[in-house]
Amino acid sequence: MLPPTPLSLLCAILLCLPLAVIFTFTAPSATNSGGAATSPLPITTTPPPTNSTTKTIQETTSLSPRKTLVQPKFKNLTAAPPPPPPPPPPPSISAEDEADDRTLFKLASRVDPAPKPVKKLAFMFLTTAALPFAPLWELYFSRAAAARYNVYVHADPGGNYTPPFGGVFANRVIPSKPTRRHSPTLIAAARRLLAHALLHDEANAVFALLSPSCVPLRSFNYTYRVLTRSRRSFIEILRDEPGAWERWAARGAAAMLPEVEFGDFRIGSQFWAVKRRHARVIVSDTVLWSKFKLPCLRDDTCYPEEHYFPTLLSTVDPRGCTPCTLTHVDWRGSRGGHPRTYVAGEVGPELIRALRKGRPRYGDERERSDGSNSSVVVRRRRDPFLFARKFSPGALHRLINISSDVIFRD
């Protein structure tokens with residue numbers, strides 16, 4: 001056998017070199033101390049399930065980046081859950097009373113809106129107790145022709161009427177329902193008075209709502225002329241008053257929508273004198289009443305009787321209303337939503353004359369400190385105050401003493 005030549009050796013080496021390279025890259029890597037081979041790809045292993053197993057472990061090689069697991073945040077299951085929102089207050093007017101009123105108002109809404117030629121004034125007293133100034137009113141009506149007025153009383157059944165209603169008030173109490181401040185029951189009571197007055201006498205032309213603490217400032221004849229000659233109702237209608245938003249939202253942030261937008265919401269005195277056509281509008285309404293009859297969530301912003309009537313008439317017939325009340329009241333030094341009360345020591349001719357000289361506030365008319373008007377929505381006028389409140393029962397005797405020479409002298 002001939003020895004290999006250098007050329008043949010070189011060729012053999014070149015032929016074997018690729019096989020060596022392939023063998024090198026496909027051979028298994030070295031084992032670790034435990035003898036198990038590792039893989040260049042990550043492997044996720046799960047231990048056998050046991051009762052104490054609560055999580056999964058993920059193992060990765062040094063060639064794979066280790067991911068940081070974010071611990072999910074759980075609510076503290078041991079903390080007490082937040083209290084549920086308070087339930088809405090119960091309705092202030094029972095379903096039975098609501099049904100009775102609905103029948104009554106439906107009948108009253110059918111009356112002729114125009115009064116008979118001989119016009120009468122309907123004096124409507126809303127009370128929860130005996131009328132402390134009944135003797136003064138007796139003197140007032142004794143100077144009037146009986147064919148020119150009617151008297152109606154809504155007396156809360158739970159009130160104490162000692163002494164009972166007598167004289168001009170005898171047999172003048174209409175079927176009455178319970179009333180409560182900060183509730184729509186006061187609206188319902190005033191609507192009942194209007195309905196009964198509409199149904200009772202077709203000659204009732206003007207309907208004046210009064211409280212037990214109201215007293216007359218003028219004679220009956222003077223009052224009759226002012227109210228019957230006017231073609232408009234006298235009802236205070238104010239907008240953008242302080243606290244108006246809170247009052248509008250007293251039943252909930254959107255409870256009044258869509259029937260009563262905040263821009264249509266009005267505030268005014270509870271005591272007014274409305275024409276017969278407007279009395280018919282009030283007893284016929286169901287749309288606004290569906291919102292104003294809802295109970296409020298809190299009492300300190302709930303005065304429905306000061307909102308319903310001005311909002312309704314402002315919506316239906318603003319041009320048919322003189323936006324003021326003819327019942328004088330002094331809100332300076334008011335407490336708990338009540339106006340100033342005149343006690344016996346304050347009552348005298350000077351007080352009556354001062355109350356008469358007052359000028360009602362008309363709509364959104366405001367006066368600057370220099371006396372000029374910042375915004376006037378009605379022309380300059382000066383309607384006379386016909387009634388005043390609030391007087392303490394102890395002032396009765398002083399009022400009677402000055403009735404002939406001051407109150408009934410025009």
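The figures that follow rest on heavy atoms only: side chains count, while hydrogens, waters and symmetry mates do not.
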- Item | Minimum heavy-atom distance P184-P304, with the two atoms named |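 Minimum heavy-atom separation between P184 and P304: N-CG, 4.0 Å.
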For this output row, return yes or no: ring centroids of [X] and [Y] closer than 6.0 angstrom.
X    : Y    : answer
Y222 : F408 : no
F123 : Y152 : no
H278 : F207 : no

- Query: Would V329 and K390 count as a side chain to side chain contact (heavy atoms under 4.5 Å, CB included) if you check the C-alpha gap in whole Å, the side-chain angles of each, and the deciding distance to 0.1 Å?
  - Reply: CA-CA 7 Å; V329 65; K390 188 175 184 181; 5.9 Å; no
Ring geometry between [Y] and [X] (parallel below 30°, tilted from 30 to 60°, perpendicular above 60°):
X    : Y    : result
F309 : W272 : tilted
W137 : F387 : tilted
H307 : Y303 : perpendicular

Salt bridge check: are [X] and [Y] linked by an N-O gap of less than 4.0 Å?
X    : Y    : result
R191 : D101 : no
R218 : D410 : no
R247 : E241 : no

- Interatomic spacing from CZ in R251 to NZ in K291 - rounded to 0.5 Å: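 Those atoms lie 10.0 Å apart.
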For [X], what residues pass the side-chain hydrogen bond (donor to acceptor under 3.5 Å, both in side chains) criterion, not counting sequence neighbours?
X    : value
T286 : none
K177 : D97, D100
R277 : none

- Message: Would R356 pass as a cation-pi partner of F385, given that its NZ or CZ must be under 6.0 Å from the six-membered ring centre and within 45 degrees of the axis?
- Response: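 Cation-pi check for R356 and F385: fails.
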- Testing V343, L396, L351, L136 for side-chain contact (heavy atoms from CB on, under 4.5 Å) with F391, which one passes?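 It is L351, the one option of V343, L396, L351, L136 that forms the side-chain contact (heavy atoms from CB on, under 4.5 Å) with F391.
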- Message: Name the residue from S403, P216, S219 that meets the side-chain contact (heavy atoms from CB on, under 4.5 Å) definition with Y140.
- Response: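 In the set S403, P216, S219, the residue that makes a side-chain contact (heavy atoms from CB on, under 4.5 Å) with Y140 is P216.
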- Message: Quick check against the 3.5 Å criterion: does R172 have a side-chain atom that pairs as donor or acceptor with the backbone of V151?
- Response: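 Pair found, side chain donor or acceptor close to backbone of V151.
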